[in-house]
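Each remark here refers to the structure printed beneath this line.
Keep in mind that the numbers below use all heavy atoms, side chains included, and drop hydrogens, waters and symmetry copies.
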Amino acid sequence: MIKRPDEINEIVRKFDKAGWDVICAGQCMTGSILGDSPLDWDLYTECPQDKIRELFPDGEVIGKRTTRLDYTVFVESQHINEADRFDGVIADLITLEGPIEEQLKIYDFTCEAIGEHANGSTVDPFGGRNDIRQKLLKPVGNFGEKMKKRPEVAWKVLRYVGLYGFDLNREIYETIQANRERVCIVDKELILSEFTTAITGDHAGKFLKMLNGLDLLEAIIGPAGKSSLPREKKDYEKLSDNIDKTKKIPIRRLGLFYLVFDKNYEKALHFLPQEEESLDYLEDAKRLCPKLHFCRNDEALKGFISKFGWRKYNFYDKLLKAQNIVFELDNQQQVARDAIIKLILHQKQPIFIEDMVIDADDIIEAGITDDPERAEYLLELLLTPVHRDMENNERDKLLKYARAFNKSRLRRTFRDVTWLR
């Protein structure tokens, strides 16, 4: 018997109390058998829809034979290095027309065409449980006909590869190959959704290899994103081999993927409609990852953080660490950076303008300038001596620097240069 979440058990109990059996089927069966926690559940019953709506008055009518119960809560991540998620389940209560064996024919794959009664007895007319054990994806019916009507089903295939590590039977593999052009022009938002899900699965490396083997990379990065550079091909192979060693954070794995396409990074990144926040971080990754990598002292690190903020620092820091894992790079710089950050935090060293003991009003009150914009500008310049030495974060010292910067363009220009005698 599969493990059912509390919400589904409560639905089953209500039906049982009313005298009706319930059969779970579809992708919820696949996920549950493989130890996953599915979000979407298909529940079949002979109970008529009018009775179902009496039992579940809060349900949403989405068809003549279907009532939907949505118990999900969206949990937004508090950090860019965490993934948004839905907690709970969505249950579609579907009234059967005919035997369950006939209903199971609507599913795309044998691993989905499995039913389980409330008492745990199963209905498996296509041998789906055995295919799940073998991690083999096989179609229900003619897969070529499915592809003609719904070419997007190919991306569902690849999602199963990334999430669960399925192999494809010959019919599915050859059909996708033969319909490659149609697969590449599926709705871009759907492709991005399936791609993001697959690349954050337990078998993302296998998914990337199959994506390349089926010549479907163009659907992700566009024809302008592709490059024939040997280094990029080698990096893609490395990524495919080692991405599963990294944490399954969607935006981080997207960063690892797109950074492989160094020559045409911008074109590859903008081919699919990325979410605004993700795009903001990913657009800067090509420029800021190397910049952070070469921050080799506390002054440089504090300068980076003050300019781009802690959220971006943490994102690019974690992305660099993931790159070290994927490409098996030396991590000495990473260890040194962690040690410096630990010391900065331990000593509560000033990083931002708000951490300084003076503000723009103090500069004006000291008679250095009467222009508020000029005072704000000078305040920003004062971060350099403060980052160089936290002992400079004293009122008299900062006002002295402010006077010097205000009077001398040379001092302003070379404020971050340490002169050797």
(message) Main chain of W310, side chain of N314: is a donor-acceptor contact present, judged purely on distance under 3.5 Å?
(response) yes

(message) With rounding to the nearest 0.5 angstrom, report the CG to OG distance, L211 to S240.
(response) 9.0 Å

(message) Set out, in order, the CA-CA distance, both residues' side-chain angles and the distance that settles side-chain contact (heavy atoms from CB on, under 4.5 Å) for E112 and D108, then state yes or no.
(response) CA-CA 7 Å; E112 302 169 342; D108 292 317; 3.9 Å; yes

(message) Would K188 pass as a cation-pi partner of F271, given that its NZ or CZ must be under 6.0 Å from the six-membered ring centre and within 45 degrees of the axis?
(response) yes

(message) Looking at R159 and E194, is any side-chain nitrogen of the basic one under 4.0 Å from a carboxylate oxygen of the acidic one?
(response) yes

(message) Tell me whether the rings of Y316 and F304 are parallel (<30°), tilted (30 to 60°) or perpendicular (>60°).
(response) perpendicular

(message) To check you understand the geometry: which heavy-atom pair defines the closest contact between D355 and N393, and what is its length?
(response) O-ND2, 3.2 Å

(message) Within this structure, what is the CD1-CG distance for the pair I358 and L382, rounded to the nearest 0.5 Å?
(response) 5.0 Å

(request) Indicate yes or no: does K135 engage D167 in a salt bridge with an N to O separation below 4.0 Å. (result) no

(request) Give a yes or no on whether the backbone of G63 and the side-chain of T66 come within a donor-acceptor separation of less than 3.5 Å. (result) no

(message) Distance check, rounded to the nearest 0.5 Å: M147 atom CE versus I172 atom CD1?
(response) 10.0 Å

(message) Please verify the inter-ring angle class for Y265 with Y258; under 30° counts as parallel, over 60° as perpendicular, anything in between as tilted.
(response) perpendicular

(message) Let's go through K234 and E237 carefully: what are the C-alpha distance in whole Å and the side-chain angles of both, what is the deciding distance for salt bridge (Lys or Arg N to Asp or Glu O under 4.0 Å) to 0.1 Å, and is it a yes or a no?
(response) CA-CA 5 Å; K234 184 178 179 181; E237 291 174 4; over 6 Å; no

(message) Using modelled atom types and a 3.5 Å cut-off, is there a donor and acceptor pairing between side-chain atoms of S193 and backbone atoms of E189?
(response) no

(request) Using the ring pair (Phe, Tyr, Trp, His ring centres under 6.0 Å) rule, pick out the option among F195, W155, F257 that qualifies with F207. (result) F195

(message) Under 4.0 Å between a side-chain nitrogen and a carboxylate oxygen: does that hold for K209 and D241?
(response) yes

(message) For a 4.5 angstrom cut-off between non-hydrogen side-chain atoms, does I249 reach I251?
(response) yes

(request) Report yes if the side chains of I2 and M29 come closer than 4.5 Å at any heavy-atom pair, otherwise no. (result) yes

(message) Could you report the tightest heavy-atom contact between C184 and L216, atom names first, then the distance?
(response) SG-CD2, 3.9 Å

(request) Quick one: pull up CG in L259 and SG in C289 and give me the separation to the nearest 0.5 Å. (result) 5.5 Å

(request) May I ask you to test the F143-V157 pair for a side-chain heavy-atom distance under 4.5 Å? (result) yes

(request) Over all heavy atoms of both residues, which pair between I199 and A204 is shortest? Give the atoms and the distance, please. (result) O-CB, 3.2 Å

(message) So which atom in A322 and which in R252 form the shortest heavy-atom distance, rounded to 0.1 Å?
(response) CB-CD, 4.0 Å

(message) Whether the T67 and R53 side chains hold a donor-acceptor pair (N or O, under 3.5 Å, no angle test) is what I'd like checked.
(response) yes

(message) Taking CD in E46 as the centre, count heavy atoms belonging to other residues, nucleotides or ligands within less than 6.0 Å. Is the count above 12?
(response) no

(request) Check whether any side-chain heavy atom of L301 lies under 4.5 Å from a side-chain heavy atom of Y313, and answer yes or no. (result) yes

(request) Return yes when atom NZ of K267 has more than 12 non-hydrogen atoms of other residues, nucleotides or ligands closer than 6.0 Å, and no otherwise. (result) no

(message) For V357 versus D362, what's the shortest heavy-atom pair and its separation?
(response) O-OD2, 4.3 Å

(message) Strictly by ring pair (Phe, Tyr, Trp, His ring centres under 6.0 Å), give each pair with a member in residues 109-135 just once, sequence neighbours left out.
(response) F109-Y160

(request) Would you sort out whether K286 and E266 count as a salt bridge (Lys or Arg N to Asp or Glu O under 4.0 Å), showing the intermediate values? (result) CA-CA 9 Å; K286 189 173 184 295; E266 290 292 328; over 6 Å; no

(message) Looking at C295, is its backbone amide N or carbonyl O close enough to the side chain of R337 to form a donor-acceptor pair, meaning the two atoms are under 3.5 Å apart?
(response) no

Going by atom type alone, with no hydrogens or angles, which donor-acceptor pairs under 3.5 Å involve a side-chain atom of residues 340-349 and a protein atom two or more places apart or on another chain?
unit_1: Q347; atom_1: OE1; unit_2: Q349; atom_2: NE2; d: 2.6
unit_1: Q349; atom_1: OE1; unit_2: K302; atom_2: NZ; d: 2.6

(message) Is there a side-chain contact between D6 and Y71 in this structure, where contact means two heavy atoms from C-beta onward sitting under 4.5 Å apart?
(response) no

(request) Drop me the distance from D338's CG to N331's CG, to the nearest 0.5 angstrom. (result) 9.0 Å

(message) When you measure from the side chain of D124 to the backbone of G128, do you find a donor-acceptor pair of N or O atoms at a distance under 3.5 Å?
(response) yes

(message) Assess the residue pair H293 and R296 against the criterion (side-chain contact (heavy atoms from CB on, under 4.5 Å)); give the C-alpha distance rounded to whole Å, side-chain angles, the decisive distance to 0.1 Å, and a yes or no.
(response) CA-CA 8 Å; H293 176 75; R296 296 183 175 177; 3.9 Å; yes

(request) Could I get the full list of side-chain hydrogen bond (donor to acceptor under 3.5 Å, both in side chains) partners for T95, not counting sequence neighbours? (result) Q49

(request) Step by step, work out the side-chain contact (heavy atoms from CB on, under 4.5 Å) result for E283 and L269. (result) CA-CA 8 Å; E283 279 182 329; L269 177 60; 3.9 Å; yes

(message) As a quick check of understanding, evaluate side chain to side chain donor-acceptor pair (under 3.5 Å) for T246 and R253, giving each step before the final call.
(response) CA-CA 8 Å; T246 67; R253 286 198 168 178; 3.2 Å; yes

(request) Step through the shown structure and confirm whether more than 12 heavy atoms of other residues, nucleotides or ligands are within 6.0 Å of NZ on K146. (result) yes

(message) Between D280 and K312 (salt bridge meaning N to carboxylate O under 4.0 Å), is one present in this structure?
(response) yes

(request) Decide, yes or no, whether a salt bridge links E152 with R182 under the criterion of side-chain N to carboxylate O below 4.0 Å. (result) no

(message) Please determine whether side-chain contact (heavy atoms from CB on, under 4.5 Å) holds for the pair D262 and R231, giving the CA-CA distance in whole Å, both sets of side-chain angles, and the decisive distance to 0.1 Å.
(response) CA-CA 9 Å; D262 180 60; R231 177 176 57 81; 3.3 Å; yes

(message) Which heavy atom of P5 sits nearest to which heavy atom of V89, and what is that distance?
(response) CG-CG1, 3.7 Å

(request) Tell me, please, which residues at least two apart from D202 pass side-chain hydrogen bond (donor to acceptor under 3.5 Å, both in side chains). (result) K248

Show me the donor-acceptor pairs within less than 3.5 Å that the side chains of residues 36-44 make with the rest of the protein, sequence neighbours left out.
unit_1: D36; atom_1: OD2; unit_2: Y164; atom_2: OH; d: 2.8
unit_1: W41; atom_1: NE1; unit_2: P38; atom_2: O; d: 3.2
unit_1: D42; atom_1: OD2; unit_2: Y107; atom_2: OH; d: 2.8
unit_1: Y44; atom_1: OH; unit_2: Q103; atom_2: NE2; d: 3.4
unit_1: Y44; atom_1: OH; unit_2: Y107; atom_2: OH; d: 2.7

(message) Going by side-chain hydrogen bond (donor to acceptor under 3.5 Å, both in side chains), name the residues that satisfy it together with D131, two or more places apart in sequence or in a different chain.
(response) T110

(request) Without swapping roles, check the side chain of T30 against the backbone of C111 for a donor-acceptor pair under 3.5 Å. (result) yes

(request) Could you tell me the separation between the CG atom of L282 and the CD atom of Q274, rounded to the nearest 0.5 Å? (result) 6.0 Å

(request) Indicate yes or no: at least one non-hydrogen side-chain atom of D87 is less than 4.5 angstrom from one of T72. (result) no

(message) If you count heavy atoms of other groups shown closer than 6.0 angstrom to NZ of K321, is the number above 12?
(response) yes

(request) Could you tell me whether the side chain of K105 reaches within less than 4.5 Å of the side chain of E102, counting heavy atoms only? (result) yes

